[in-house]
S.K.: 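The structure is given below, and queries will be raised subsequently.
All chains are named by letter (A, B, ...) in the order of the sequence lines, taking the proteins before the strands, and each is independently numbered beginning at 1.
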2 protein chains.
Amino acid sequence: MRIAYHTEPGAYSESAAILFNEGAEPIACKSFDDVFAVVERGQATHGIVPIENTIRGSIHRNYDLLFQHDLPVVGEVQLRITHSLLGPAGMLVSDVRRLYSDPQTLSECEGFVRGLGNVEVVAMYDAAAGARAVQEAHSKDAAAIASDREGRKFGLEVLKPNVQDNDDNLTRFLIVGRGSSSTAAPGADKTTIVFSLPSQPGALFKALSVFALRDIDMTKLESRPIHGRPFEYMFYADLAVSRDDMRCARALVHLAEFAPWVRTLGSYRAWKPTT
Amino acid sequence: MRIAYHTEPGAYSESAAILFNEGAEPIACKSFDDVFAVVERGQATHGIVPIENTIRGSIHRNYDLLFQHDLPVVGEVQLRITHSLLGPAGMLVSDVRRLYSDPQTLSECEGFVRGLGNVEVVAMYDAAAGARAVQEAHSKDAAAIASDREGRKFGLEVLKPNVQDNDDNLTRFLIVGRGSSSTAAPGADKTTIVFSLPSQPGALFKALSVFALRDIDMTKLESRPIHGRPFEYMFYADLAVSRDDMRCARALVHLAEFAPWVRTLGSYRAWKPTT
């Protein structure tokens, strides 16, 4: 199994790929678009992308890419995200005068950063760029907030681990493969679909009724704009049922009675956290 | 009317503030958080933030800020977004060898950028940073993609206007004021609410029923993670009805029968595009 993932070794996506399949060979890609392209060209058997984080919310770019490509979702994994304060060896937390990270990571560590007092905060393009800036600064007063793995990559030490404000910071990743989206993966108990609706009052209520009236639990509903039709939306739904379950098949046929289009993105085994 | 907005003169938010009230004095703020803080401290009477774009989707940070602060939504405006290729005077489109912009703007102009051929693309923190980089490069082969207003600010000329792939690129802004969220603004015909739901199958279906069964149109539904409760969500809904309408009042009381909490963020006049 060769799993394409976004960005360089050390990224959370690489860890997630290993978590999905310990023996997998991770293939680094320079964008989420490339992850899909590499799988389509057959240079990887699978691709992995983050789809949702418990703090940030959904990663919409990847919802859009799932829609644009015809690669079935074959699995999901969840990974806990932790941030560390990183700096050169021998530096102390009290030495920090400049702090580098990306705006999102900084916002997830707001309480910790405020506690540092009078520190110049420099917003970078991503957390890796912040760690690189600290490595290149060769200074004993510059630190970065990033993952431990990024720290090791740039020769930085962990000055303080777990500096995030919220410990329930989890990212859910989807794994795409090749083949048909209408075939359920082995052990499937979850199905992800995307559909549009006519623009009329109550349309979404009617759509949800096809699942609710069949006791199918919807674990997530995400709306995304339809390009070229301002303020109209398509909906991504996660259903706690296999595509092969007769209730699911019937609900989708029912939905297609009034939805202009309905597409199954994949049916796969829901992530079961190991305790 | 003094309207706080994010970032510097030239930003789309500043134009939106003027569109909302021609005589308003725009107050520049260095973050979306600051926009809310400045209104709370009374340094501005109103604040304006982008909430949704027809290509990018919702701006979640601002949904979260609406939730965290107690400032009622008093209005909305829509603005058309256009991107231009900008460079020093005398430069031609065929001269471009390096191109600066932020990743989001670049993705909205993907077709145009691909058409430029062999050009080095440099992703910057935001579009303004790209325009500044071109100004500072003093070179005849570096260009930026940003708004015309950003171009003027950095002394750049429009080499080519409207380089975005999709002409239906609209941003919707919300205006917050001070006072009570339960009072409808004059001429209100739209209400924005936020609510949580018990984690049980069919809960969202039940929630939507309180509106559907009263013929109240829901124009938007957005889910956001609840921090500290992984993979549970709260929902923001836009309803095409005034808070003062008896149907709306009854629907909200009905929703509160099973929703752990329901909050009205504001009731205001929906944006009517002038033709």
S.K.: What option among A:Ser31, A:Ala240, A:Pro225 has the most heavy-atom pairs under 4.5 Å with chain B?
M.R.: A:Pro225
S.K.: Between B:Ser223 and A:Leu221, is there a donor-acceptor pair closer than 3.5 Å when you use the side chain of the first and the backbone of the second?
M.R.: yes
S.K.: Checking an interface table here. Which of residues 47-54 of chain B come within a heavy-atom distance under 4.5 Å of chain A?
M.R.: B:Glu52, B:Asn53, B:Thr54
S.K.: Among the options A:Ala129, A:Ala123, A:Pro230, A:Ala212, pick out the one with the most heavy-atom pairs lying under 4.5 Å from chain B.
M.R.: A:Pro230
S.K.: Quick one: closest heavy-atom pair of B:Asn166 and A:His227, and the distance?
M.R.: ND2-CB, 3.7 Å
S.K.: Any non-hydrogen side-chain atom of A:Phe231 less than 4.5 Å from a side-chain atom of B:Gln78?
M.R.: yes
S.K.: More than 12 non-hydrogen atoms from neighbouring residues, nucleotides or ligands closer than 6.0 Å to CZ on B:Arg247, yes or no?
M.R.: yes
S.K.: Without placing hydrogens or testing angles, list every side-chain donor-acceptor pair under 3.5 Å for residues 197-211 of chain B, not counting sequence neighbours.
M.R.:
unit_1: B:Ser209; atom_1: OG; unit_2: B:Lys206; atom_2: O; d: 2.5

S.K.: To the nearest 0.5 angstrom, please state how far the CZ atom of A:Arg224 sits from the OG atom of B:Ser58.
M.R.: 8.0 Å
S.K.: Please classify the contact between B:Glu232 and chain A as side chain, backbone, both or neither, with a heavy-atom cut-off of under 4.5 Å.
M.R.: neither
S.K.: Could you report the tightest heavy-atom contact between A:Asp168 and B:Gly228, atom names first, then the distance?
M.R.: OD2-O, 3.4 Å
